[in-house]
Each structure stands twice: as structure tokens, then as C-alpha cells.
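This is the structure I have questions about; it appears just below.
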Amino acid sequence: MDYNFREIEQKWQSRWAEAHTFKAVEDASKPKFYVLDMFPYPSGAGLHVGHPLGYIASDIYSRYKRLRGFNVLHPMGYDAFGLPAEQYAIQTGQHPEVTTDKNVARYRQQLDRIGFSYDWERSFRTCDPDYFKWTQWAFLQMFDSYYCNSCKSARPISELVAAFERQGTEGLDVACGEPMQFTAEQWKAFTPKEKSDVLMNYRIAYQGETAVNWCPGLGTVLANDEVKDGLSVRGGFPVEQKKMTQWQLRVSAYAERLLDSLDTLDWTDSLKEMQRNWIGKSQGTEVVFRVETGAQTTDVTIFTTRVDTIFGVTFMVLAPESELTARLTTPEQKDEVEAYLAYVAKKTERERIAETKSVTGVFSGSWGINPLTGEKVPVWISEYVLAGYGTGAIMAVPAHDSRDYAFARKFGLPIVPIIEGCDVSEQSFDAKEGKMCNSGFLNGMDVQEAIPAAMDYVEAHGLGHRKTNYRLRDAIFSRQRYWGEPFPIYYKDGIPTPLPESALPLTLPQIDEYRPTADGQPPLARAKDWTYEGYPLETSTMPGFAGSSAYYLRYMDPHNDKALVSPEADQYWRNVDLYIGGTEHATGHLIYSRFWNKFLFDLGYVCEDEPFRKLINQGMIQGRSNFVYRLVGTQTFVSAGLKDQYQTQEIHVDISLVRNDRLDLEGFRAWRPEFKDAEFILEDGEYICGWAVEKMSKSMYNVVNPDDICDNYGADTLRLYEMFLGPLEQSKPWDTKGIDGVHRFLRKFWRLFFDGDTCLVTDEAPTPEDLKTLHRLIGKEQADIENFSFNTTVSAFMIAVNDLTDRKVSKRAILEPMVILLSPFAPHIAEELWHVLGHEDSVAFAQFPVYREELTVENNCTYAVSFNGKTRFTVDLPKTLSREAVQETVLASDQTQRYLEGKSIVKVIVVPGKIVNIVIK
RNA sequence: GCCCGAGUGGCGGAAUGGUAGACGCGCUGGACUCAAAAUCCUGUGUCCUUAAAAGACGUGCCGGUUCGAGCCCGGCCUCGGGCACCA
């Protein structure tokens, strides 16, 4: 019997499916382990070999944990709402659901071939009404909650209403948009509309006007993490800033908690660091500057992290979008300021980024008074100050801030250094070090002392107070799209009103066109009768991250129609023990999910404060593209080695037409009509293609499909090979060259069991040597899997199998545990051989072999003998020998004597088990 | 500009501070074969010399700690990734 992987893999995949082998059931007698992959968006292109990398790793870990006696929850589903299906719908009129169905089916088929141990009965898509009902439900919970700063928790909005009725805003410490002040009487006198507007200032899911990333190309707003370099991540369209009223989530209320509990997570440092930067906590001071505009004065609060430099302030700057700009502009400066504001407004985000080096600004005509010195400084307006951060106004210290420095230089403003001996003739001195000068009471202090001293002073004199700011903004939650969750909100007399829970899920209406309406309304406005009890329903939909924010909770209890997750299921599965996915979600999904989970935790719906305990980022598998070089303006192609002699144009060529960088000439002519009569300039009779490592993508013709690998080598080989390629976290190019070696290993393993049709397995007793081979492998696998060092485990397997092959060992006592060890990596062949060995049950639930260290321990240690640090030879000595005995034996040996050659010994250092170093003169 | 991470043969990559290059690919030579495929065996960091052995040099660069450094420390260089007017 040969190793027929096609037959074996098909057979076991269907048996696992029929027997529901990997169905997970809550079982209090076993410890749980929850392993989750970041679920994919089912795109039309299908999976390429890069996608399963993380899935294979998580499957290996899941299977390993099962062998270790854990009750493993390992689910999979689809993040199915999203832009590509909708864009396709706009072009073709095809309902996104149809496209999604088709793509999901294809994904499932591809995933199934790889032999994952998912519990498919728990699978769902984010676009299933049974699921998004709970996304809408969570939104309503947020709508109905506010965040209490003093108890650090979300609370029902009814409590806030009660507080307003009792005492107005008196003594309130809650997260809000604009600070508000009113009495209980005033509150009671508000109209329903006014009350609704006030509460919007406090709700965790709220509607508010804000500067948004508006993408005209997509006709929708985008979240910060959906924009990169001023272009939309999906589609690459330019993005501009625009003020709009949008649904938002008050993520900023959770900034401190999101930051704090990062320390409790087993994530990589780089990922935690990314989140820390994104949250961007900075502790500083708010200081009030009195500003004179003609005869009129206004108090302007600025935020700074360096109050210690306040004696170096030579001007102030306002953000162009700040409400203060109009107020502080004098009549004389009005025209100039308005021209500047117009100039800023028409710039797109992308242009702003491209011109980040250029310095622009305009004088407002007002003068601020430095509260410490009483000195007057001019107030300028410039786009380098952001309206959305701090107070939208700054004090400028050009001597010690590079941005202020550039501005001062451009507009000829004074630069006053306040740190002794620093040189500010060429650039600012930003470092927080040195002795203070020109700074009144701070003179002579070290900068590190001066910072708190200045803060204390400002607070003591009532000039300002300490303040912590965060860069983290509230998440914009509306999208002007069709293919997303509808908001369970309708407008009753203009007041946003939540739908009752009984009306959920609110499903998408049928519409006949998916583009925005002529007057710029979202596509849902096209729906006939998009109303609730006669009132209009909200027409925007939720963003992509809505559905992915709590999906891990739903897998715990996917068919529950009473709750997102039952308390019992939640108590059992708790949170994700191991989450595997790409870093690209660091500042999107992984922040939103943590926020969402903390919110549900506050309300008591879930029992863990953090959703993902351990997180591993698998690297990307890149493609290896091939190129041909066409002589410009012809259909003649020159081989890579000769291309420099000609003027050529580089063209991607499909890698299926290339083998070992040699081009299949006939195949190439047949590839495209325009290449039908292609001529070639060859080197050594062959056409050599150029190559490069690039992202794997259709347009680069470098996509390798996992199905092809499964056809030619089998899923087990694919799985082993992807792990063997290198460390999981590292990005690496796909290269099919090495795959034969891995496949050869599996065949070699098979041949330990069979020679043709003869079964070789015997009941012969293993020798100590056999046991050593086995237990080395057990020890290695045990240690490596826990470190996700799967590549070295595969190597260890190869060594063991080579060992056994050399000695022709086909003993059951050795092979049986080896099959168990192999089963997480290559489950199909392992299952087959497990049954060949006479077992009835699945190998997936066998017991991980017990490691016996004493079997692998050497009796001898190899000592490296060095002279003055240079290793000259090695010697094997019994492990039990004492230091002194080792020293004596080594010194007495012939080899040592030969190297000594009469020189005298200064000292001898013995490192037990390792080395003998002899220092000689 | 700021913050992370990484630099080891022809290639992917191994090495608790202790014989650098495991394992795999590729390449040499060989066995089996009429031949091919498959399989197996052999060699394979560089240089020098050689019949062989033995040497010398080798983990991006420069220094340091150590009996001993790919690994630890300091300073550079290069390449990836993230953030980017966040006061």
C-alpha cells in the first residue's frame, strides 16, 4: 500500500464530518480552551496559500490541546458585511447576499480540503439576521448607557436622567462630548427634543457632529483606521475632512482602561506598543491665557505637556477649525484670516499630508497675555494645530518645540531659549534635559524637576490644572452604505428613538439600486417604506467592525435566540485563550473588540474584562513574482541576464508559465492574444525570467492556490510545509522548492509502516536507543508547541524518522506514540495510520505521550577543551564526574599534554557539563 | 522625525553565554535502471595547502564585558513594520 494522500484525506475529512468529531460541548469535567482565528472576509478571489498560515497554526495548537485533555472550542465563520460585495452590487445589480453566498461556499470548500478541526455547527456570518440581531442589540445597550468616570463603568442612562431630575449637572463626573451645566429645574423645563439632545452628549452610542473622513469615491465616511496616507484602505480613493452628524461610540471614555489592562495581556510587545501609541495618553497641564481682541477679552485654555517652558512662550496658535478663530479675529485681519480658512478648507487630507513640511498660517490680530510673565504675545492661526486634540489652541515655545520653531522662523517670530547653554540657531532643543534659565522661579532647576514644579505653581495660583489627554477618538459608527447592519433607530418627531428589542433583528430592505441617491442620501433612502410605525428609520448602516466586535462571544452559544450568549456558556468558555491573526487589525478590530467587551462586562453580560488573553500575529506569506522584459514598442522579449543592454519594459508574467525562472515559451505565446507572435532573445538557449518578492495578488500573477498544493502533495504536506517555512510571526515569501522535502518525510514515515502491501509493524520491544529517539521528539514537541515554534518541531520529526529509518525500526511501541505526535500537524495520515495500528477511535482524542526525560539524558557530557579561550578538541566524560575529577582527567590526557608543550598553566576553569578552559603562559 | 523588530552558507532557516550553520532545499559524485521517474548512499561555509591530516578566517560594521559572544552592553550601518504636525 502506497501513501495515497488523496484517498486518505478525502476519506477522513468525510468521516470527521459525518461523525461530528470536532463538535464542542460544554463539559464541566474538563478544562476548556478556546482557540480562535480572525475570521475572513470572503472575497471573490478565494483563498491563496497565505491565508491558511494562521489557521494551520491554530489548528495544530487546538489539536495539541485536545491531546492534552482540554475541551477545545475551535470555531470559524465569516465577516460577511463589507464593501467589495457592495461595490460589485453597484456595478452588476447583483444583490450582495448572492455574491456573499457564492464566496462563502467557495471559502468553505477550500478550508475543508485542509482538514481543520473546526466545529462547523457553530459557524455563522455577520450578515445572518440571527447574528446581527445581537449587534443591533449591543448598539441599543450602548445607546441606553452612559459612562461614569468615578465608578469607571458604563451605567444605564436612566440613572443619569434621575440625577438630572435631582440635581441637574451638579457634581457630575461622567464622560461627555461638550461640558454642560444646568439645574434640575432647567432640566425639567427642557422640551423632549432638548432632553434628547442633552442625553446625546452622554450616551455611549450617540449622534453628534464631528469632523469625519469623507470619501467621495465611496460615498461614505470612514473611521481613522480605515484611512491610510489620506486614501481609503478599501479602494484607495482620496479622503477629505468634512463636518457631519454621525453615530459614534464613546470609545474615548474607555481610554484609560484600554491602556491599563494591556499589561494583563499576553500579546507581543510591538502590538501592545501600537495600541499604546494609538491611545496616546499624555499628561500635561491646561493653562488659561487671557486674550485681548481690541477692547474685548476672552479666556483661552491651552494644553501643554511642557508648562516648564512657559517663560519661553513667544506666540500662541489656534486651529483653523477652532470656534475661537472667528471670535479672536480683529476686523483689520478679517480678510486675511478668511482667505486662509478658505485655503485650508479646500485641501484634502492627502494634500495636507503631502505638504506636512510646508508651514502656513495667519495672524489673528489678537494678543494673549502670558499668565506667568504678563507679557503680550501674538495669537496666530495655523493648520499645524489640530482642532480635535487638546483644546485646539496652544502656547508656542519655538526654542523647545520643533514645530513651533519652524513656524517662528517662517514668520519671523522671536525665539527665546530657557535652557542654559542650548543652541537654537539652527534648530529647536526638544530634549527634556538641562538647567532652566530666563524662567523666573524655575531658574537653576533641572528640567525634570521644573516640569512638576511648574505644574504645581500653575495649580497653586489658579492659572490652570493638570490634565490627561488621549489621542484615541470616539469611533464613527455610521456608514452611508447598504451592505451593513441597519441601525435599530427611527426618528419620532425628529428625535432618534430606539426600536424595542422585540423588533430586532431589523433586516435590510430590498432596493433596486445600491448607489447613493441623487441628492446624496445613503442607498437605504431608496427603500420603499423604510419606516417604523410610520416614522422614518435611520438610513445609514453600521461599519465593518460592528459585526466583528463580539463574534467571539457568539461562538460560545451560537444558536441562542434569547441572548447574545447565555451566562452558562459564557461562564464556561469565558474568553479566547489563543487568538491568531494579522497585525493589520492592531488599531481597528482589536481596539473596538476590547472596548465592546468591556462595555458588555460593565453591564454584566460577560464575565471577563478582556476578550483575547493571548494573541499571536502570524506573518504574511508573500508571493514570488516573475517578470519578462519587452523591448519597448515591440513584441520581442529579452532574457533577464541581457536586459540591461536594451531599453525594456518589465511585465509580470503568470508564475504558472515559469519553472525555476525558466519561461515556457509556447505557454507564454498562448497566454495572451497580444503575445501570440512573441519573439525571444535567449541566453544559453533559455529565457530566464526576473523575479521579486511582492504581496500575493491576482494582479501580480503570483497567486498560489492551496487547492493546487492539495492536489499535488496533499493537505498534510501543505500544513507541514507552511509550518516548516519559518517562524510563524515572520513574513516570508512562498517558495514551492522545499515542499518536496516535506512530502518525502511523510512518505518516509509511511514506509516505516509498509513495504508495498506488507505491514512492517511488529510488537518487538524497543531498545533504549529507540526510546531515546522517541522521547527526544516528545520533549521537543512539547516545549516547541507551547512557544509556537512549529518549524523546529517539524525538523525534530524529520530527525526522528531518519533515525528510525536508518535502524529500520517499525516497532508498535515507538510508532504508536509517534502517530499521536504527528496528528496535530498532519492529521489525515496520522488518523489513517492510527487505524492501521488497530484503533477504533479518532487519534484526535488520544493521549499525548508521557515524556520521560531520563531516557533522553546522555550519560556522557561533551566537554570542549580550550586553551586561552580557543577550543582545541572535545572529550566525552561521565556526567557524574565532579569538577575536580574533570579537571584532573583532562589535564592528564595525552591530547592536553600535546597542546601544553611545556608551557605553564595559569589557571583552569571547569564549567560543569560544558567546557574546560586552560589558561596558559 | 518618533517608536518597535530583524540582519547567520547558494536559498528557507537551527543554535538555555559553551564544538555556529541542526533540519530542509539546491548542487557534487555514486547505486538501482536499457532509460527515465521514484528511492537510497556520499560530499557540500570560505580560504590555503594537501594523497590525507592539520591550519587560518568566518553570524551587517566598530568597540566593550567574559576563560569563552550569533546571543549580553555601548555606538553606527542597512532592511522591514507601525505612528506621523497629538503641543
Problem set entry | Euclidean distance, atom CD1 of residue A:Ile591 to atom P of B:rC83 [Å, nearest integer] |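 Nearest whole value for this atom pair: 12 Å.
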
Problem set entry | B:rG74, syn or anti by chi within 90 degrees of zero |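 What B:rG74 shows is an anti base, its glycosidic angle lying more than 90° from 0.
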
Exercise. How far does the C1' atom of B:rG7 sit from the matching atom of B:rG60, given to the nearest Å?
Worked result: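 My reading of the C1' atoms in B:rG7 and B:rG60 gives 6 Å.
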
Problem set entry | Charged N-O contact under 4.0 Å between A:Arg276 and A:Asp263 |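 Judged by the 4.0 Å cut-off on N to carboxylate O distance, A:Arg276 and A:Asp263 do form a salt bridge.
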
Exercise. Which nucleotide, B:rG13, B:rC85, B:rA22, lies nearest any side-chain atom of A:Leu386?
Worked result: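 From the listed options, B:rC85 comes nearest.
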
For this session: Assign A:Asn802 to base, sugar-phosphate, or nothing according to its heavy-atom contacts below 4.0 angstrom with the strands shown.
Result: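 Sugar-phosphate only.
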
Problem set entry | Sub-6.0 Å ring centroid separation between A:Phe411 and A:Phe315 |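 Ring-ring flag for A:Phe411/A:Phe315: false, centres at least 6.0 Å apart.
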
Exercise. A:Glu383 has a side chain; which of B:rA87, B:rC23, B:rC85 sits nearest to it?
Worked result: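 Closest nucleotide to the A:Glu383 side chain: B:rC85.
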
Problem set entry | A:Ala393: side chain to side chain contact (heavy atoms under 4.5 Å, CB included) partners, not counting sequence neighbours |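 With neighbours one apart ignored, the set is A:Val300, A:Ile302, A:Leu318, A:Thr391.
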
Exercise. According to a 3.5 Å limit on both distances, what stems of 3 or more consecutive Watson-Crick or G-U pairs are formed with RNA chain B?
Worked result: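 The stems that RNA chain B takes part in, listed by first number, are B:1-7 with B:77-83, B:10-12 with B:23-25, B:29-31 with B:39-41, B:45-47 with B:55-57, B:60-64 with B:72-76.
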
Under 3.5 Å between N/O atoms: give me all the protein pairs with nucleotides 37-42 of chain B, atom names plus distance.
{"residue": "B:rA38", "atom": "O3'", "partner": "A:Arg747", "partner atom": "NH2", "Å": "3.1"}
{"residue": "B:rU39", "atom": "OP1", "partner": "A:Arg747", "partner atom": "NH2", "Å": "2.3"}
{"residue": "B:rU39", "atom": "O3'", "partner": "A:Arg751", "partner atom": "NH2", "Å": "3.3"}
{"residue": "B:rC40", "atom": "OP1", "partner": "A:Arg751", "partner atom": "NH2", "Å": "3.1"}

Problem set entry | Of all pairs that satisfy salt bridge (charged side-chain N to carboxylate O under 4.0 Å, His left out), the ones with a partner from residues 303-312 of chain A, not counting sequence neighbours |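 Applying salt bridge (charged side-chain N to carboxylate O under 4.0 Å, His left out) to every pair that reaches into residues 303-312 of chain A, excluding sequence neighbours, yields A:Arg306-A:Asp308.
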
Exercise. Are A:Lys780 and A:Asp784 ion-paired here, with the side-chain N under 4.0 Å from a carboxylate O?
Worked result: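 Answer for the salt bridge query: yes.
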
For this session: Grab the CZ-C1' distance between A:Phe724 and B:rC25 for me, whole Å please.
Result: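 Rounding to the nearest Å, CZ of A:Phe724 and C1' of B:rC25 are 8 Å apart.
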
Exercise. Between A:Asn277 (CG) and B:rG81 (C1'), how many Å, whole number?
Worked result: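 Computing the A:Asn277:CG to B:rG81:C1' distance gives 13 Å.
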
Exercise. Can you tell me how far P in B:rG43 sits from the matching atom in B:rG81, rounded to whole Å?
Worked result: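 Approximately 42 Å lies between the P atom of B:rG43 and that of B:rG81.
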
Exercise. Looking across every strand, which nucleic acid part, if any, lies under 4.0 Å from A:Pro727 by heavy atom: base, sugar-phosphate, or nothing?
Worked result: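 Here A:Pro727 touches the backbone only, sparing every base.
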
For this session: Could you tell me whether A:Glu888 atom CD has more than 12 heavy atoms of other residues or ligands within 6.0 Å of it?
Result: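 Not more than 12 within 6.0 Å, no.
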
For this session: Provide the distance between the two P atoms, one in B:rA31 and one in B:rA37, to the nearest whole Å.
Result: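 Looking at atom P only, B:rA31 and B:rA37 are 15 Å apart.
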
For this session: Could you tell me whether the phosphate oxygens of B:rC23, OP1 or OP2, come under 4.0 Å of any side-chain nitrogen or oxygen in A:Asn791?
Result: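 Negative; the distance criterion is not met.
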
Exercise. Is it the case that more than 12 heavy atoms not belonging to A:Lys732 sit under 6.0 Å from its NZ atom?
Worked result: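 Check passes, neighbour count above 12.
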
Problem set entry | Span that lies between the C1' atom of B:rG9 and that of B:rC62, in whole angstrom |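 These two C1' atoms come out 24 Å apart once rounded.
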
Problem set entry | Whether over 12 other heavy atoms sit under 6.0 Å from A:Glu584 CD |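 Yes, enclosed.
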
Problem set entry | Enclosure of A:Glu853 CD (heavy-atom neighbours >12, cutoff 6.0 Å) |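 It does not: A:Glu853 CD has 12 such atoms or fewer within range.
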
Exercise. With sugar-phosphate meaning primed atoms plus P, OP1 and OP2, does A:Ile394 contact a base, only sugar-phosphate, or nothing at under 4.0 Å between heavy atoms?
Worked result: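 Base: the residue A:Ile394, judged by heavy atoms under 4.0 Å, touches a nucleobase.
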
For this session: Measure from CZ on A:Phe790 to P on B:rC23 and round the result to the nearest Å.
Result: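 Distance, rounded to whole Å: 22 Å.
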
Problem set entry | Of the listed nucleotides B:rA84, B:rG82, B:rA87, the one nearest the side chain of A:Thr305 |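 Looking only at heavy atoms from C-beta outward on A:Thr305, the closest nucleotide is B:rA87.
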
Exercise. What's the CD-P distance between A:Gln283 and B:rA87, to the nearest Å?
Worked result: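 It is 12 Å, rounded to the nearest whole Å.
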
Problem set entry | Same-atom distance (C1') from B:rC71 to B:rA6, integer angstrom |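 Here B:rC71 and B:rA6 have their C1' atoms 14 Å from each other.
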
Problem set entry | Residue closer to the 5' end of RNA chain B, A:Val794 versus A:Thr304 (nearest nucleotide) |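 Of the two residues, A:Val794 wins.
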
Exercise. Taking the C1' atom of each, how far is B:rG55 from B:rC4, in whole Å?
Worked result: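 The answer is 44 Å between these two C1' atoms.
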
For this session: Assign the ring pair A:Trp750 / A:Tyr3 to parallel, tilted or perpendicular, where the plane angle (0 to 90°) is split at 30° and 60°.
Result: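 If you compare the ring of A:Trp750 with that of A:Tyr3, the planes turn out tilted.
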
Exercise. Separation of A:Lys432 atom NZ from B:rA87 atom C1', in whole Å?
Worked result: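 Rounded to the whole Å, the gap is 11 Å.
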
Exercise. Counting any heavy atom closer than 4.0 Å, what does A:Arg473 reach on the DNA or RNA strands: base, sugar-phosphate only, or nothing?
Worked result: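 It contacts base atoms.
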
Exercise. Think A:Tyr389 has a side-chain N or O under 4.0 angstrom from the OP1 or OP2 of B:rA87?
Worked result: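 Yes.
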
Exercise. When you compare B:rA14 with B:rA22, how far apart are their P atoms, in angstrom units rounded to a whole number?
Worked result: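 Comparing P positions in B:rA14 and B:rA22 gives a spacing of 13 Å.
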
Exercise. Rounding to a whole Å, what distance do you find between A:Arg276:CZ and B:rG82:P?
Worked result: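 Taking CZ of A:Arg276 and P of B:rG82, I get 19 Å after rounding.
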
Exercise. Does the side chain of A:Ser252 pick up a donor-acceptor pair with the side chain of A:Tyr470 at under 3.5 Å?
Worked result: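 Absent: no donor and acceptor within the cut-off.
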
Problem set entry | Touch class at under 4.0 angstrom, heavy-atom based, for A:Ser282 against every strand present |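 Sugar-phosphate, backbone atoms only, no base.
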
Exercise. Between A:Asp803 (CG) and B:rC23 (P), how many Å, whole number?
Worked result: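 A:Asp803 atom CG is separated from B:rC23 atom P by 10 Å.
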
Problem set entry | Closest-nucleotide 5' rank along RNA chain B - winner of A:Arg306 and A:Val742 |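 Taking each residue's closest nucleotide, the earlier one in sequence belongs to A:Val742.
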
Problem set entry | Partners passing side-chain hydrogen bond (donor to acceptor under 3.5 Å, both in side chains) against A:Thr268 (at least two apart in sequence or in another chain) |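 Listed in chain order: nothing, the list is empty.
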
For this session: Answer with yes or no whether the side chains of A:Tyr389 and A:Ser282 bring together a donor and an acceptor at under 3.5 Å.
Result: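 A pair is found: one side chain offers a donor N or O, the other an acceptor, under 3.5 Å apart.
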
Nucleotide N/O to protein N/O under 3.5 Å, stretch nucleotides 4-11 of chain B:
none

For this session: Could you work out the separation of B:rG45 and B:rA20 based on their P atoms and round it to a whole Å?
Result: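 Going atom to atom, P in each nucleotide, I get 14 Å.
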
Exercise. Should the heavy atoms of other residues, nucleotides or ligands under 6.0 Å from CG of A:Asp269 be counted, would the total exceed 12?
Worked result: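 No, CG of A:Asp269 has 12 or fewer neighbouring heavy atoms, counting only those of other groups under 6.0 Å.
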
